[in-house]
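Residue numbering restarts at 1 for every chain, and letters A, B, ... go by the order of the sequence lines. This structure is a prediction, so every number in the text was calculated from the model and none was measured. Scope of the values below: all heavy atoms of this structure, side chains included, with no hydrogens, waters or symmetry mates.
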Protein chains: 2
Amino acid sequence: MLLTRASEYALLALDIIRNADKPKGAEQLSIELSIPKSFLAKILQGLAKEGILESKKGAHGGFVLVKKSSEISIASIVIAAEGKTPAVFDCSQYSTTCPNGSIGSCTISPFLVTFQTKIDTFLQKLTLEDIFK
Amino acid sequence: MLLTRASEYALLALDIIRNADKPKGAEQLSIELSIPKSFLAKILQGLAKEGILESKKGAHGGFVLVKKSSEISIASIVIAAEGKTPAVFDCSQYSTTCPNGSIGSCTISPFLVTFQTKIDTFLQKLTLEDIFK
DNA sequence: TATAAATTAGAGTAAAATAGTCCTAATTAG
DNA sequence: CTAATTAGGACTATTTTACTCTAATTTATA
Ligand code: SF4
Ligand code: SF4
């Protein structure tokens, strides 16, 4: 699977956050979405680190959007949630075991690059606003 | 990752098979590609079951293409190799834990469907011949 | 200024998927 | 007959995913 639960939870949470007028806490979100609080908290922290969310500590704290929904790409969200860009097939991960020896020089590499580019482009052009229309 | 080593090995092997004039054995292929023989054999068996390859047992046996490269879609190869269609995010896998209750009815479902369709279409239109050009 | 409500950081664990292995049986060309 | 080769199935190892737990830190507000 290209995406994991981290991206699922991130997107579900962001839809609630963008429609709220006050900061939303991790616990509240986890209840509304029926998903594990600790796990969601970790994901929201990641989004905050990447500048997609602003986090407010302490009483009445929580998470709010920094930019407008139309200015946040799905690519940036997924990268923040997963900790890396979603890959069709990550040769670099197999750097030590690439049967070809030198990565990116096998017969199927052009296909992999083309495919990956398609996906990257699609996710970069799509915004948080787009996907809820 | 969307694809696993099964798809990588399948495609690498198919490129050799399509350029050969005699049946290619699993062992020979595994040597040429420097990949594990037993694992490759399993993958080739899968391709044969799906009618992408014809397998010939016994001495001088091996695998040959049944159709022309231009008539074999990458989608069919990947499905045969992976045992399932490559999914962006497979909700059905989480049927018991979908926080939304009824699968496919959450706020991000439309996005997931659109994305999945893009990928399906891309892989269905692309043939084995195309990717080596 | 004490307290309760929050996020933050990091380590640790459980479950699932991936990437194989291994052995035995069946088939077939020579 | 026999050596070469695929077929099938059970099994194991490794890696990734999906969490959990605890302690520290920050901050509104009573
Ligand atoms: S053989 Fe090709 S696909 Fe496989 S790891 Fe090497 S470069 Fe990547
Ligand atoms: S909440 Fe949406 S994305 Fe998650 S499993 Fe259910 S339908 Fe799929």
Please name the pair of heavy atoms, one in A:Leu47 and one in A:Ala10, separated by the smallest distance, quoted to 0.1 Å.
CD1-CB, 4.0 Å
Which pair of non-hydrogen atoms, one from B:Ile52 and one from B:Leu65, has the smallest distance, and what is that distance?
O-CD2, 3.9 Å
Comparing B:Ala41 and A:Gln93 on DNA chain D - which has the more 5′ nearest nucleotide
B:Ala41
Is there a side-chain contact between B:Pro99 and A:Arg5 (heavy atoms, below 4.5 Å)?
yes
Is any side-chain heavy atom of B:Asp15 closer than 4.5 Å to one of B:Ile131?
no
Ignoring hydrogens and angles, write down the donor-acceptor pairs under 3.5 Å from the side chains of residues 69-95 of chain A, residues two or more places apart or on other chains.
from    : atom 1 : to      : atom 2 : distance (Å)
A:Ser73 : OG     : A:Ser76 : N      : 3.0
A:Ser73 : OG     : A:Ser76 : OG     : 3.3
A:Ser76 : OG     : A:Ser73 : O      : 2.7
A:Glu82 : OE1    : A:Thr4  : OG1    : 3.2
A:Glu82 : OE2    : A:Thr4  : N      : 2.9
A:Glu82 : OE2    : A:Thr4  : OG1    : 3.0
A:Glu82 : OE2    : A:Ser7  : OG     : 2.5
A:Asp90 : OD1    : A:Ser92 : N      : 3.1
A:Asp90 : OD1    : A:Ser92 : OG     : 2.6
A:Ser95 : OG     : A:Ser92 : O      : 3.3

Across nucleotides 21-30 of chain C, 5' to 3', mark each nucleotide with B, S or - according to how protein heavy atoms within less than 4.0 Å reach it.
BB----BBSS
Looking across every strand, which nucleic acid part, if any, lies under 4.0 Å from A:Ala26 by heavy atom: base, sugar-phosphate, or nothing?
sugar-phosphate
Rounding to an integer number of Å, can you tell me how far [X] [atom1] sits from [N] [atom2]?
| X | N | atom1 | atom2 | result |
| --- | --- | --- | --- | --- |
| A:Lys22 | D:dA28 | NZ | P | 15 Å |
| B:Tyr94 | C:dA17 | OH | P | 7 Å |
| A:Phe89 | C:dA17 | CZ | P | 19 Å |
| A:Asp90 | D:dT17 | CG | P | 11 Å |
| A:Phe63 | C:dA5 | CZ | P | 17 Å |
| B:Lys84 | C:dA16 | NZ | P | 14 Å |
| A:Glu8 | D:dA18 | CD | P | 9 Å |
| B:Ile35 | C:dA19 | CD1 | P | 12 Å |

Quick one: is [N] close enough that its OP1 or OP2 comes under 4.0 Å of any side-chain N or O from [X]?
| X | N | answer |
| --- | --- | --- |
| A:Gln28 | C:dA6 | no |
| A:Tyr9 | D:dA18 | no |
| A:Thr4 | D:dT16 | no |

If you count every heavy atom of other residues, nucleotides or ligands that lies below 6.0 Å from A:Gln28 atom CD, does the total exceed 12?
yes
Scan residues 33-62 of chain B for pairs that pass side chain to side chain donor-acceptor pair (under 3.5 Å), counting only residues two or more places apart or in two chains.
none
Let me spell it out: for each of A:Lys49 and B:Arg5, pick the nucleotide of DNA chain C with the closest heavy atom. Which residue's pick is nearer the 5' end?
A:Lys49
